[in-house]
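Notes for the one structure printed next.
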2 protein chains.
Amino acid sequence: MSVSGAEGGLPAAGGRRRRGPGMTEVARAAGVSQKTVSRVVNGEPHVSPEVRDRVLRAIRELDYRPNTAARALLLGRYRRIGVVSLGSSLYGPSTLLIALERAMQRAGYSVALASTLEGQKVSAAVDALLEQGVDGIVLSEPIDDGTPLRLSADVPVVSLGEGVELTPGTSAVVGGDGVAAARMATEHLLSLGHRTVWHLPGPQDWWAARDRLRGWREALTAAGAPEPPLPSPGDWSPASGYAAGRQLAELSDITAVFAANDDMAIGALRAFADAGRAVPGDVSVVGYDDIPAAAYLSPPLTTVRQNFAAVADRAVDVLIALIEGRPAPAEPSGQAVELTVRASTGPVRDQGPVPHPAPAP
Amino acid sequence: MSVSGAEGGLPAAGGRRRRGPGMTEVARAAGVSQKTVSRVVNGEPHVSPEVRDRVLRAIRELDYRPNTAARALLLGRYRRIGVVSLGSSLYGPSTLLIALERAMQRAGYSVALASTLEGQKVSAAVDALLEQGVDGIVLSEPIDDGTPLRLSADVPVVSLGEGVELTPGTSAVVGGDGVAAARMATEHLLSLGHRTVWHLPGPQDWWAARDRLRGWREALTAAGAPEPPLPSPGDWSPASGYAAGRQLAELSDITAVFAANDDMAIGALRAFADAGRAVPGDVSVVGYDDIPAAAYLSPPLTTVRQNFAAVADRAVDVLIALIEGRPAPAEPSGQAVELTVRASTGPVRDQGPVPHPAPAP
DNA sequence: GTCCCAGATGACTACGTAGTCCAAGATCGC
DNA sequence: GCGATCTTGGACTACGTAGTCATCTGGGAC
């Protein structure tokens, strides 16, 4: 072997790895030059069918795999996209991550994953990705600590939220339709005759939570409904939904609640049940996400479903266009969001004041 | 610039990317050789503090980032681990993925993600990872289509299940304690006085589902309880749990059910409610996963919680030991699994025959 | 028959890094 | 004061790939 140097004097552990064959070895086996192997591998023209066959056979026999590190070094491109995730296993983020991975794989890019560990900034995850070598970055569930995040990556960046300030020309924001979805959920409740709708907000450092709050507010304003005070924001968990639900259940005039996500809605359902308020008899509840369990809760939950696949596809389209210097594709038309009405919402029963705590005359 | 060739004649799109500075440029700026920069970057000894400072300053000024492609090409190692996931957003798999990412990041490895698209084999995902360049692979939620998966990767592989046949010497199976957990859940129900326990199995091509089935069976056998027939296996979804629950609700002598996961348990809860069987009055139900919502369901769900972080940490420990040629670390002691008893399980009410469908004489 | 052109193939090189080996200066022992 | 050892830094090279350009062959036009 010509590569015996790599085998001989080096320690097995921590040293250089045994490598597979390279184009040179394939070339020798096929009796052609390394460059011709390169042509075959990359499907370039000007290779006679006979030579091509010989090379392909040698590739198969040697179990040759192209070395992406060498290719990346030469071309300066990695065919890899980095995804910054929050490292949570919440339904929305993980569904989105899966959808992003699928879209990137379809586009011929591989995926590098970096999560922001607790307390760590997004920029640390971005740095880790840049150091590892990526052609572009998707900020999957951006959060911010008040000030907008300022990134100076030398690759295109697509953010799925708005709390990010990016260098112009190489970046883009691709949002789902969170505001519209929240508006839709609120309007549904108003259309059932509820005088107004209360909101269980999510963590306000999440872009998604702010969007839902905004959509709720917009719908109330548009309908001329009064805006009730907000309970303290939750953290997407059922526990936080329960806590907020307990607060709300104390109030007598509540008939409709829009929770920031399904998990918080589940907590609120439990809180209302514990307080003796029937859902949907006394209070209607709407969630957000349409988790698989939503249809099987007691009562089945009215909720809003986002089209994560569509959001992911568009984000990847835009990012790859930026990477490859093509113009960004046109905004696809069509709502990516949909309300599923189930048994947790219903018309207002009556306008009698306090339903349970004291069965008024 | 000496690299002007890369700037000049090449097309901007699809061609070579503009690159950051290399060690050579840093060296020129600091007035040392490229090798000395390499020494500073890698923390090697034999560099005077003064030179080190000069180099570090140049690095900061030029915003130098080491090129991992070049390093990987030279060393044959990538400091990257591939994770094969199933591309589902189920609670277990996504929690595990997050935990794996955290563990790898902590160990100084970056993460390449590949999911098996629908209908695609695991080996395709493995090939994609190998082609991209990884030092090792974790099979996160291995499934198999009957025959054990036979992989011929030239890197170490750690599988989190058993349905995989691996080349010896460079691979390992690191299981959670799924069997023990299922046994624990079943024993809990038996200890409440239930004559036997029915099981809602998960998809049997998943290793995790087979483990739970096995643990359930072992507990019944050990207790001398009869083994009831199995409903058709579900797919982890609440819908499939509902379907199986409807089947079981027809039967008169059911008092205890162990579902393969919490989502299926949620479906079963709904099915029993629809059939007029009270939980836990008539039927006790145990789930698996302890999803955040479990404590807030109606009724709150007794369930089993796996320690995903522990499983992930151990998998990464073992894999990195294999990669670096160190002996695998000792098996950590301690149960990674825990039963949380809530209101969905209770003692048998009585042994009277059919509670609801027909109040037999 | 000569010329020319297109297709087919290969030699050479750069990409950025770290291992190897060598050179020059510094420090020490005697 | 001189060789021996240590410290510090640099020159050179390989890693596997694809771009550039040169070479060679064969066939058709004239």
Side-chain angles (χ1 to χ4, degrees), chain A residues 2-11 14-28 30-52 54-55 62 64-79 131 133, chain B residues 1-11 14-28 30-52 54-55 59 62 64-79 131 133:
Chain A
S2 70
V3 285
S4 63
E7 302 252 323
L10 287 156
R16 307 184 189 211
R17 267 235 337 272
R18 195 180 54 75
R19 293 156 194 272
M23 281 189 176
T24 314
E25 339 243 333
V26 174
R28 198 174 315 144
V32 297
S33 77
Q34 172 264 322
K35 177 67 224 213
T36 297
V37 177
S38 167
R39 274 194 264 263
V40 171
V41 167
N42 294 306
E44 287 172 23
H46 307 314
V47 179
S48 70
E50 171 215 5
V51 167
R52 181 179 306 272
R54 234 169 44 226
V55 170
L62 296 177
Y64 164 77
R65 246 185 274 274
N67 182 320
T68 33
R71 185 178 277 163
L73 172 59
L74 184 58
L75 299 181
R77 307 205 40 230
Y78 298 86
R79 290 205 76 76
E131 191 138 337
Chain B
M1 313 257 163
S2 70
V3 284
S4 62
E7 302 253 322
L10 286 155
R16 305 181 189 213
R17 267 236 335 274
R18 197 180 52 76
R19 294 155 192 275
M23 280 189 175
T24 315
E25 338 243 332
V26 174
R28 198 175 315 144
V32 297
S33 77
Q34 171 264 322
K35 177 69 225 212
T36 298
V37 177
S38 167
R39 275 193 264 263
V40 171
V41 167
N42 294 308
E44 288 173 23
H46 307 315
V47 179
S48 69
E50 173 216 4
V51 168
R52 180 180 307 273
R54 234 171 41 228
V55 170
I59 286 178
L62 296 178
Y64 164 77
R65 247 184 272 276
N67 181 320
T68 34
R71 185 179 273 161
L73 172 60
L74 183 59
L75 299 180
R77 306 203 42 230
Y78 299 86
R79 291 205 77 76
E131 191 140 333

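Worth knowing before you read on, the calculation uses all heavy atoms, side chains too, and leaves out hydrogens, waters and symmetry mates. All values reported here derive from a predicted model rather than from experimental measurement. The chains referred to below are lettered A, B, ... by the order of the sequence lines, with proteins before strands, and numbering in each begins at 1.
When the P atom of dA14(C) is taken as reference, atom CG of L74(A) falls 12 Å away, rounded to whole Å. In this entry the distance linking CD of Q34(A) with P of dC15(C) reads 17 Å, nearest Å. Atom-to-atom, NZ of K35(A) to P of dT17(D) comes out at 12 Å; the value is rounded to the nearest Å. E131(B) has its CD atom 11 Å from the P atom of dT17(D), to the nearest Å. Look at NE2 on H46(A): it is 11 Å from C1' on dT9(C), rounded to the nearest Å. The distance between atom CZ of R52(B) and atom C1' of dT7(D), rounded to the nearest whole Å, is 13 Å. Rounding to whole angstrom units, CZ of residue R28(A) and C1' of dG16(D) are separated by 13 Å. For the pair M23(A) CE and dC15(D) C1', the computed distance is 14 Å after rounding to whole Å.
As judged by a 4.0 angstrom heavy-atom cut-off over every strand, V47(B) is placed among residues touching the sugar-phosphate backbone only. Note on P66(A): only backbone sugar-phosphate atoms sit closer than 4.0 angstrom, heavy atoms only; bases stay farther off.
Between the side chain of E44(A) and the base of dA18(D), no donor-acceptor pair of N or O atoms lies under 3.5 Å. No donor-acceptor contact under 3.5 Å links the side chain of R71(A) to the base of dG16(D).
Side-chain atoms of L75(A) lie closest to dG19(D) of the nucleotides dG19(D), dT17(D), dG16(C). When the nucleotides dT17(D), dG10(D), dG10(C) are ranked by their closest atom to the side chain of R39(B), dG10(D) comes out on top.
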Take V41(A) and R71(A) through the test side chain to side chain contact (heavy atoms under 4.5 Å, CB included) and record every step on the way to the result. CA-CA 12 Å; V41(A) 167; R71(A) 185 178 277 163; 4.0 Å; yes
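When the side-chain nitrogen and oxygen atoms of N42(A) are compared with OP1 and OP2 of dA18(D), one or more of them lie within a distance under 4.0 Å. Between S38(B) and the phosphate of dT17(C), there is no side-chain N or O to OP1/OP2 separation shorter than 4.0 Å. Side-chain N/O atoms of Y64(A) include one lying less than 4.0 angstrom from OP1 or OP2 on dT17(D). Taking 4.0 angstrom as the limit, T36(A) places a side-chain polar atom (N or O) nearer than this to OP1 or OP2 of dG10(C). Residue S48(B) has a polar side-chain atom (N or O) positioned under 4.0 Å from OP1 or OP2 of dG9(D).
Sequence order on DNA chain D of the closest nucleotides to L73(B) and S33(B) puts S33(B) first from the 5' end.
H46(A) NE2 to T36(A) OG1: the interatomic distance, rounded to the nearest 0.5 Å, is 12.5 Å. In this structure, I59(B) CD1 and R54(B) CZ are separated by 12.5 Å, a value rounded to the nearest 0.5 Å. For the atom pair CD (E131(B)) and CG (N67(A)), the distance works out to 10.5 Å, reported to the nearest 0.5 Å.
In this structure, the side chain of T68(A) does not engage the main chain of Y78(A) through any donor-acceptor pair within 3.5 Å.
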